[in-house]
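Data first, discussion second: the structure below is written as structure tokens.
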2 protein chains.
Amino acid sequence: MASSNTRERILQTSLALFNAHGLPSVSTHRIAAEMGISTGNLHYHFKTKRLIVEWLFRRFDDRLATIDEAGGGVRAIDDLWLALHLRFEAINEYRFVYRDMAHLESEYPETAAKSRTLMARNLLNARALCEKLAALGVINATADEAEMLALQIVFTTTCWLSFERLVTQNAASTRPSDTGLAAYYTLTLLTPYVDPQSRAYLDYLRSKYVQ
Amino acid sequence: MASSNTRERILQTSLALFNAHGLPSVSTHRIAAEMGISTGNLHYHFKTKRLIVEWLFRRFDDRLATIDEAGGGVRAIDDLWLALHLRFEAINEYRFVYRDMAHLESEYPETAAKSRTLMARNLLNARALCEKLAALGVINATADEAEMLALQIVFTTTCWLSFERLVTQNAASTRPSDTGLAAYYTLTLLTPYVDPQSRAYLDYLRSKYVQ
DNA sequence: GTCTATATGCGGATAGAC
DNA sequence: GTCTATCCGCATATAGAC
């Protein structure tokens, strides 16, 4: 039916605007205007802006959960690159979440709490991943080093895309946000620890991404 | 005179509130209420909220510039630890800047542009620093590795304190934000490259900060 | 310098007609 | 479902008295 169509368009439009201009800067008026509908109509589908944010966050969360499941089979550096790439794709599609996290904290505490839970999950997964890579001999790292690597990986996947916008020139509007490059950058954290074979793969990526 | 006193108090109060609740969530009303003055009075001293933000950012910028000057003499890992610690102290005192960077981008474009300039400066400084440490033999890294380390250091100093809030339990209000720990965490990026002597210092820090 | 009072606009959200 | 019209509250900012 047309109803759920509008509902879906609201979510898509909101997501695009949140990503482009930031959660606090995008009003329900603006969302409705962008879609060419009235604010009354918008509030018929979502009683509050908060509900829109919650729905979008839930999708983000589900998306990452799916990636996590599939990512359990990482056994080598190139698997890891793919897993990271997919992860950055997802984070990029919902980039408003991490970029406006401070605002989320103060205005949408329930969603922020879920975000904390997500972060804890990410840490556990990353830790398990690094331990596995160490056990497989893909990386040569002590338990402490593996632990630190896991933290660095989670830190980077969470914050890198936001940071990248600061460094790249003011082409803030026209941002393709190369998620492959982001994945490569994350992998470089492992550089000092990888075995020679994996090292060759990193060099291959390097030639691909660094001019 | 009392006038400039009030002006200063406005800046201090604004800074504290921005840090505690976020730039977009703190209104001029709230600042005035917190100080026990009227909004009219506040606007007598600062015609717009934007001016307050610009003054605070300028102080932040100056503060980092001072640290940069003093930091030119880093010749060993313990020097670097001190320099990083001072830097995190400054970033922590003005943490609203990086935490609400997305909002700064959309609502205070001029300040955001200055922030970009600052970031470029940071990158150059970090690069020079890593090259120097490599030349001194404190770290054993190729030119590429030194370059990557510099990027990682800037990324970490910029985003770590924001990320930390996400990971630590919901004691978001009562956050001492251990800047020494942040500096130690940043140093761990160098771990794989340091010479044995510096390694000993890192181990000392580790025993101090990691339970 | 500091106050009270007020103008103006925007954002979220609702009422009721169609 | 969708619209128009409107309410309410808050935020920035100003005017004018003290």
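Computation of the quantities below employed the complete heavy-atom set of this structure, encompassing side-chain atoms and omitting hydrogens, waters and symmetry-equivalent molecules. Residue numbers begin at 1 in each chain, while the letters A, B, ... track the order of the sequences.
- Identified under the side-chain hydrogen bond (donor to acceptor under 3.5 Å, both in side chains) test for residues 152-163 of chain A, with sequence neighbours left out: none.
- The list of salt bridge (Lys or Arg N to Asp or Glu O under 4.0 Å) pairs with a residue in residues 38-57 of chain B, not counting sequence neighbours, reads R50(B)-E54(B).
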List the atom pairs, with distances to 0.1 Å, where a side-chain N or O of residues 26-33 of chain A and a protein N or O form a donor-acceptor pair under 3.5 Å, not counting sequence neighbours.
from, atom 1, to, atom 2, distance (Å)
S27(A), OG, R30(A), N, 3.1
R30(A), NH1, S25(A), O, 3.3
R30(A), NH2, H21(A), ND1, 3.3
R30(A), NH2, H21(A), NE2, 3.2

- Query: How does each nucleotide of nucleotides 3-18 of chain C score, in 5' to 3' order, for protein heavy atoms under 4.0 Å: base (B), sugar-phosphate only (S), or none (-)?
  - Reply: BB------BBBB----
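- Rounded to whole angstrom, the span from the CD1 atom of I31(B) across to the P atom of dC10(D) amounts to 17 Å.
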Hey, can you pull the donor-acceptor pairs under 3.5 Å for the side chains in residues 71-79 of chain A, sequence neighbours left out?
from, atom 1, to, atom 2, distance (Å)
D79(A), OD2, R75(A), N, 2.9
D79(A), OD2, A76(A), N, 3.3

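- Residues satisfying the side-chain contact (heavy atoms from CB on, under 4.5 Å) criterion with A90(B), sequence neighbours excluded, are R63(B), L64(B), I67(B).
- Note: CD (E107(B)) to P (dA11(D)) measures 14 Å, nearest angstrom.
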